[in-house]
Amino acid sequence: MLDMKYLRKNEAEAAQRLLDRGVPAEKLQELLALDQERREAIQQVENLKAQRNAVSDKIAYAKRNKEDASEAIAAMQQVGADIKALDSQQAILDDKVQNLAAHLPNLAAAEVPVGPDESANVEQRVWEPVDYDTRPHALGEAPSWLKAHYEIGEALGILDFERGAKVSGARFLYYVGDGARLERAVYNFMLDEHRQEGYTEMIIPIVVNDTAMFGTGQYPKFQDDAYRVAGLAQTYIPTAEVPLTNYYAGETLPSEDLPIKFTALSPSFRKEAGAAGKDTRGLIRLHQFNKVEMVKFTKPEHSYAELESMTANAENILQKLGLPYHVIMLSTGDMGFSAAKTYDIEVWMPQQQVYREISSVSNTEDFQARRMHITYRDDNDKLQLVHTLNGSGLAVGRTVAAILENYQNEDGTVTIPAALRPYMGGQETLTATAHY
RNA sequence: GGAGAUAUGGCACAAUCUGGUACUGCAACGGACUCGAAAUCCGUCGAGCCGCAUUUCGCGGUGUGCGGGUUCAAAUCCCGCUAUCUCCUCCA
């Protein structure tokens with residue numbers, strides 16, 4: 001949610017910044033006109049309420065003294081009716097203002113490149129393992145025997161998409177045997193790394209209520225992509241960001257505790273509405289996938305430094321796994337609804353010769369905190385909104401996909417990255433296992 | 001799943017039957033006393049949210065778990081909901 005006072009006082013600037021996020025200027029004009037109307041209505045009804053309160057006090061005083069107050073009571077009957085009518089009118093205006101405001105995306109930070117879509121994103125840096133060119137699939141040089149991760153997974157018998165589709169539907173799968181073990185090794189490794197970096201590990205509810213989905217910005221605008229629980233005001237989470245960030249909804253955090261850092265593994269559920277036909281094979285785009293998430297609550301003056309360090313925490317995973325990647329800053333047109341600034345980390349997928357998103361790290365500034373009312377007391381003891389950040393650290397399935405492609409060998413086996421071997425009982429290689 | 005009870009400031013509680021300025025204590029804050037502190041005494045104290053005003057003190061509205069209703073007036077009466085506790089049932 002944007003700050004209404006900022007929008008009122010800086011209409012022209014706000015209109016331009018919203019335009020950068022793809023919101024036409026009329027939306028803001030409409031909002032501010034309704035806001036004006038609402039404030040006038042409030043003044044009108046509050047005057048009547050002040051009058052009613054004063055007269056009610058007099059009535060109470062008269063009653064205590066056993067005096068007759070029927071004249072004042074009769075006079076107040078009309079006032080009471082007027083208040084009721086004006087209150088309901090104002091409730092309608094409140095809803096309209098709230099509804100318009102709730103659909104406006106966050107404003108982008110000053111350094112974010114302005115552009116309509118991903119074409120305006122700006123690459124920040126590229127990383128690859130020092131030994132990468134000793135592997136047979138360095139950037140830009142894919143040998144013909146190189147397979148896609150799903151081909152490797154099926155050949156080794158560790159990813160079963162067919163039975164996933166049979167039992168659940170398209171975009172669901174089973175991990176089998178070493179596949180399941182590899183997935184488990186990957187997320188245990190990630191959680192251990194983040195725990196060492198000071199994140200508190202959490203196990204979270206995977207079903208959340210509508211208030212929580214509103215708080216992080218998924219609702220009301222993006223309900224189509226969510227798995228709602230039939231008949232209930234609850235949703236299977238699209239990301240652990242929702243329960244992690246809402247953990248402190250409505251609370252005032254002790255200033256000395258900031259920043260607070262959480263991490264959690266969870267499944268994420270997405271309908272992928274509008275992605276029909278895209279990435280239909282493999283681990284890239286599923287209705288259910290595991291993700292290790294990071295969330296931070298910070299003071300405003302530290303949030304951008306914390307964004308950099310959270311991005312570094314995500315990059316650390318890829319570096320320790322020896323997976324090449326680059327970091328891009330998303331443009332105003334490519335950022336998510338709640339974000340003020342976002343870095344995407346994209347991992348190199350050698351078979352397709354493309355970078356694929358494996359992490360997205362965002363500072364939402366006070367956008368979510370305002371929706372959720374998460375505050376702290378500053379040095380002057382004044383309540384201030386915290387800043388919230390979230391980032392994937394990382395998408396687990398896509399990490400497995402990247403490992404399979406980047407560590408595959410010509411004989412069809414896959415070398416397990418050294419960092420994961422302790423999590424797999426010292427196992428060094430994935431080889432074909434029996435099918436059932 | 002069934003039955004009963006509970007929900008009031010930062011905390012603990014009163015007022016609810018019988019509608020009329022939400023009690024008291026602790027904590028907190030300011031002051032007195034003191035070399036200083038403790039104790040004691042005096043004073044302030046409904047967090048948050050909304051609107052108006054703003055150099056400053058401010059004024060008004062809302063606010064007794066949440067949402068409605070009745071009433072001149074609701075913590076109090078009525079309806080619905082949520083959470084918590086106890087018992088029964090079930091269960092990993």
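By convention in this document, chain letters (A, B, ...) are assigned in the order of the sequence lines, proteins followed by strands, and residues within each chain are numbered from 1.
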[N] phosphate, OP1 or OP2: any side-chain N/O from [X] under 4.0 angstrom?
{"X": "A/R38", "N": "B/rG51", "value": "yes"}
{"X": "A/Q77", "N": "B/rC72", "value": "yes"}
{"X": "A/R52", "N": "B/rA73", "value": "yes"}

Base-pairing assignment for [N] (Watson-Crick or G-U wobble, both under 3.5 Å):
{"N": "B/rC77", "value": "B/rG69"}
{"N": "B/rC87", "value": "B/rG2"}
{"N": "B/rU21", "value": "none"}
{"N": "B/rU56", "value": "none"}
{"N": "B/rA7", "value": "B/rU82"}
{"N": "B/rC29", "value": "B/rG43"}

Contact class for [X] vs. all strands (heavy atom < 4.0 Å): base, sugar-phosphate, or nothing?
{"X": "A/I42", "value": "sugar-phosphate"}
{"X": "A/R8", "value": "sugar-phosphate"}
{"X": "A/K84", "value": "sugar-phosphate"}
{"X": "A/N47", "value": "nothing"}

Take atom [atom1] of [X] and atom [atom2] of [N], then tell me their distance rounded to the nearest Å.
{"X": "A/Q384", "N": "B/rC49", "atom1": "CD", "atom2": "P", "answer": "11 Å"}
{"X": "A/D57", "N": "B/rU21", "atom1": "CG", "atom2": "C1'", "answer": "7 Å"}
{"X": "A/R377", "N": "B/rC29", "atom1": "CZ", "atom2": "P", "answer": "13 Å"}
{"X": "A/E251", "N": "B/rA47", "atom1": "CD", "atom2": "C1'", "answer": "14 Å"}
{"X": "A/Q43", "N": "B/rC59", "atom1": "CD", "atom2": "P", "answer": "18 Å"}
{"X": "A/L93", "N": "B/rC50", "atom1": "CG", "atom2": "C1'", "answer": "14 Å"}
{"X": "A/D95", "N": "B/rG67", "atom1": "CG", "atom2": "C1'", "answer": "13 Å"}
{"X": "A/Q44", "N": "B/rG61", "atom1": "CD", "atom2": "C1'", "answer": "14 Å"}

Using the P atom as the reference point in each nucleotide, state the distance between B/rC50 and B/rG36 in Å, no decimals.
-> 44 Å
In whole angstrom, give me the gap between the C1' atoms of B/rC41 and B/rC52.
-> 41 Å
Pair A/F337 and A/Y219, ring centroids less than 6.0 Å apart = no
Mind checking whether A/F297 and A/Y247 have ring centres under 6.0 Å apart?
-> no
Please check if any side-chain donor atom of A/N363 sits under 3.5 Å from a side-chain acceptor atom of A/S303, or the reverse.
-> yes
Taking [X] first and then [Y], would you say they form a salt bridge - that is, a charged N and a carboxylate O separated by under 4.0 Å?
{"X": "A/D224", "Y": "A/K271", "answer": "no"}
{"X": "A/D20", "Y": "A/R17", "answer": "no"}
{"X": "A/E272", "Y": "A/R285", "answer": "yes"}

Indicate, yes or no, whether a donor-acceptor pair under 3.5 Å links the base of B/rG60 to the side chain of A/E46.
-> yes
Closest to the A/K49 side chain: B/rC72, B/rG61, B/rG51?
-> B/rG61
